[in-house]
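Working notes, structure below.
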Amino acid sequence: MLPVIPQIVRYQVESGIDFRLTPPRANHLYRLFDNANWAHFIQPNHFGKAPNSEDHIPTRRFRTEEQAYALLDEVLRFITRERSVGPDTLRAVEWSLNEIMDNVLSHAETSVGGFVQATVYESRIEFVVADAGIGIPSSLGIQDHAMALLKAVTEGHTRDTTSNAGNGLFGSLQVASLSEGQFEIHSQRGHLYYDRYSQAPKTRHERVPFNGTSVRCSIGPVDAQLLNRALRFQGRTYDVLYDYLERTFGTEDGEMVFAVKEHAKQDLGSRRGGEKVRRALENMLRDQDHVILDFQGVSVISSSFADEVFGRLFVELGPRVFMSRILLRNVDPTIDGLIDRAIVQRTRLSEQKQP
């Protein structure tokens, strides 16, 4: 459905056409249209915007670089709080999604921007980016639309070699293939598809044209040195200059500081919130010696939050590793007591379960 949304919005914006959605009769399909934000973009005055679910970021729209960067950070924050992922997988999602969204802003020539949807599965992370622009074949000036898509995922191929290295789609395909994921493009009358069972991308011509471009990238479970293996252009490894975790939590002193009031203000009262924070900390610890939790400005947390974060991490890491890798700063005495109590209770529970 996502590729349909920019077409509808284009008609709404450019031609003033109003659409009315007759929802599916099946309840699960009705909920899907509503929760994925498809209903909202089809008939915005009738259907409100849907929030993120536990495993899905519904359709979001971007029209500027600033909106694209904000959306990128939203996706990455969502991933780190919902799943334990390796550092290279997270960087791969960051690089690929940024490149594909930038392609929309740089090449699509669309007045309505691009649309993104992301889903976190147990074994993979998938996102789709769609627009109602001129399409890849027209952008590259190639009449054979299937061949145009094949050229688009070839290293260094671009319509403007002076301003763009032309490796966004190529690198994203490499990321998907080397992680045992999937990659798919629809644009005009061309279709390209790759999965782990393919020796090379497969292309075909479509009878019905898609006036725009839709890119689906599914990044699989393989993580070790993923970017170093995937982002090799002209025989050289591409050095990624940005990293979400360092950008969000890093300090000038090279420390990783999780400011609880800033990054977990809405999570402090529930176990579900604690689960999100614990996953974020686990992902940070995958690539860092230690993480500092700064409780400046925080006066209360719930017992369930303390157990889910600190109790579970203490048992998971062990006492010595926990004390050396989880550092607390500016902790209110009441909160300190709750954390100590959660650790004691969780340790006792863990010992009781052992044979």
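Since we're looking at a predicted model, the values are computed, not measured.
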Would you find more than 12 non-hydrogen atoms of other residues, nucleotides or ligands less than 6.0 Å from [X] atom [atom1]?
{"X": "R341", "atom1": "CZ", "value": "no"}
{"X": "M323", "atom1": "CE", "value": "no"}
{"X": "F47", "atom1": "CZ", "value": "yes"}

Q) With a 4.0 Å cut-off, would you call E282 and R286 a salt bridge? A) no
(Q) Under a 4.0 Å threshold between the charged nitrogen and the carboxylate oxygen, would E94 count as salt-bridged to R91? (A) no
Q: Step by step, work out the side chain to side chain donor-acceptor pair (under 3.5 Å) result for R204 and H191.
A: CA-CA 5 Å; R204 68 171 186 260; H191 175 262; 3.3 Å; yes
Q) Where do N330 and F295 come nearest, in terms of heavy atoms and distance? A) O-CB, 3.3 Å
**Q.** For the student: nearest non-hydrogen atoms of G190 and L149, plus distance
**A.**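 Shortest heavy-atom contact: C-CD1, 3.3 Å.
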Q. Within the distance-only criterion (no hydrogens, no angle test), does the side chain of E99 pair as donor or acceptor with the backbone N or O of S172 below 3.5 angstrom?
A.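 Side chain of E99 to backbone of S172: no pair is present.
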(Q) Treating H56 as the side-chain partner and A118 as the backbone partner, does any N or O pair qualify as donor plus acceptor under 3.5 Å? (A) yes
Q) Quick check, are the ring centers of Y194 and F183 under 6.0 angstrom apart? A) no
Q: Using the six-membered ring wherever Trp is involved, compare the ring planes of F19 and Y11 and label them parallel, tilted or perpendicular (cut-offs 30° and 60°).
A: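 Aromatic pair F19/Y11 classed tilted.
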Q) Hey, mind stepping through V153 and I185 against side-chain contact (heavy atoms from CB on, under 4.5 Å) and telling me if it holds? A) CA-CA 10 Å; V153 297; I185 304 177; 3.9 Å; yes
